[in-house]
Amino acid sequence: MGRTLAIIKPDAVRKNIFGYIISAIEEAGFRILAMKYIRISTEQAAEFYAVHKEQPFYKDLIEFMTKEKIIPMVLEKDNAIEDFRTLIGNKNPALAEEGTIRKKYGETVTYNSIHGSDSLENSEKEISFFFSKSEIMGNCTG
Ligand code: GDP
């Protein structure tokens, strides 16, 4: 079984549609191993997106990710990372494939509703950024 980190982003929380996104995730066969509903600090967002710190959109991204609560989740499925990237679609909702979460709920490349880890190495880092081992343990799949 593979794991990935998903984050329902502030735009989806603000629009009061995160339940639909969680349903789409479950319908696609992912099991939610852990989930939080939290507002992160500027420092936490800056650390999470440190890889983008030289990018022109970095400041806007940090501001966006801290202005409302977010929902980080640990998801489990065979081929979780790749299958979740397929489910969410292109980071630009205008370019995302029909039926993807970003196509359906995203608005712009910043306001794109959801995050998914892009590699095994990043998924491990991102999962431990938000969750301790004990917060992930104890679910029905062990
Ligand atoms: P993702 O893995 O598909 O989310 O895409 P990236 O890792 O490349 O970027 C992380 C996040 O930064 C994206 O989800 C966007 O919210 C934001 N982002 C990335 N590229 C751009 C860009 O060119 N412009 C803006 N405004 N935001 C971007």
Side-chain angles (χ1 to χ4, degrees), residues 1-137 139 141-142:
M1 275 288 177
R3 290 179 180 192
T4 191
L5 183 91
I7 306 175
I8 299 181
K9 292 186 177 183
D11 56 316
V13 170
R14 183 155 291 182
K15 285 191 286 188
N16 212 23
I17 50 138
F18 64 69
Y20 297 101
I21 294 180
I22 291 170
S23 287
I25 291 170
E26 290 183 330
E27 275 164 19
F30 292 86
R31 182 169 287 279
I32 300 171
L33 299 186
M35 174 159 66
K36 289 183 179 176
Y37 186 36
I38 51 172
R39 188 157 178 195
I40 57 172
S41 67
T42 300
E43 290 71 25
Q44 285 174 300
E47 187 186 338
F48 186 80
Y49 281 118
V51 64
H52 294 302
K53 92 172 160 252
E54 307 303 332
Q55 300 297 325
F57 58 82
Y58 182 66
K59 195 170 159 282
D60 286 350
L61 181 59
I62 301 310
E63 201 176 302
F64 165 62
M65 288 300 288
T66 54
K67 72 175 176 192
E68 174 58 275
K69 283 185 167 184
I70 60 170
I71 305 177
M73 293 179 277
V74 181
L75 303 179
E76 183 183 67
K77 185 182 180 297
D78 283 334
N79 206 27
I81 294 168
E82 202 184 321
D83 285 2
F84 195 66
R85 299 284 290 184
T86 302
L87 178 66
I88 68 179
N90 192 291
K91 70 181 172 187
N92 182 347
L95 303 177
E97 303 70 13
E98 274 316 317
T100 60
I101 291 175
R102 283 170 166 170
K103 179 74 174 183
K104 206 164 178 188
Y105 300 109
E107 289 168 38
T108 66
V109 72
T110 300
Y111 286 53
N112 64 5
S113 295
I114 191 143
H115 165 85
S117 307
D118 63 3
S119 67
L120 182 59
E121 192 192 345
N122 285 340
S123 70
E124 295 300 323
K125 269 195 229 157
E126 291 177 1
I127 287 170
S128 57
F129 184 88
F130 285 105
F131 297 95
S132 66
K133 277 214 168 77
S134 64
E135 288 171 326
I136 302 169
M137 274 168 26
N139 57 79
T141 56

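It should be emphasised that the depicted structure is a prediction, and the values quoted were computed from it without experimental measurement. Just follow the structure's listing: the first ligand is 1, and inside any ligand the first atom is 1.
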Nearest non-hydrogen protein atom, atom 2 (O) of ligand 1: R85 NH1, 2.8 Å

Tell me, which protein residue and heavy-atom name are nearest atom 19 (C) of ligand 1, and how many Å apart are they? F57 CZ, 3.4 Å

Considering only NZ, NE, NH1 and NH2 on the basic side and carboxylate oxygens on the acidic side, decide whether E135 and K36 come within less than 4.0 Å. yes

protein heavy-atom neighbour closest to atom 9 (O) of ligand 1 works out as H52 NE2, 3.3 Å

S117 versus N122, side-chain donor and acceptor atoms under 3.5 Å: no

Atom 16 (O) of ligand 1: the protein heavy-atom neighbour that sits closest, reported with distance to 0.1 Å: V109 O, 3.0 Å

Tell me the contacting part of R102 for ligand 1: side chain, backbone, both, or neither, using a 4.0 Å heavy-atom threshold, strictly below. side chain

Should the proximity of Q55 to ligand 1, defined as any heavy atom under 4.0 Å, be assigned to the side chain, the backbone, both, or neither? neither

Which ligand 1 atoms does T110 reach within 4.0 Å, using its non-hydrogen atoms? 16 (O), 25 (C), 26 (N), 27 (N)

Does a donor on one side chain and an acceptor on the other come within less than 3.5 Å for S132 and S134? yes

Under a 4.0 Å threshold between the charged nitrogen and the carboxylate oxygen, would E68 count as salt-bridged to R14? yes

N-O pairing of E47 and K53 below 4.0 Å: no

Relative to the heavy atoms of L61, which atoms of ligand 1 are at a distance of less than 4.0 Å? 12 (O), 16 (O), 17 (C)

Structural part of N112 in contact with ligand 1, heavy atom criterion under 4.0 angstrom: side chain

R102 (side chain) donor-acceptor with G89 (main chain) under 3.5 angstrom: yes

Could you tell me the residue and atom name of the protein heavy atom closest to atom 8 (O) of ligand 1, and the distance to it rounded to 0.1 Å? K91 NZ, 3.4 Å

Please work out whether the ring planes of H115 and Y49 are parallel, tilted or perpendicular, with thresholds of 30° and 60°. perpendicular

So, 4.0 Å and heavy atoms of K9: is ligand 1 close enough to count as a contact? yes

Please examine the side chains of F48 and L5, heavy atoms only from C-beta on, and report whether any two atoms are closer than 4.5 Å. yes

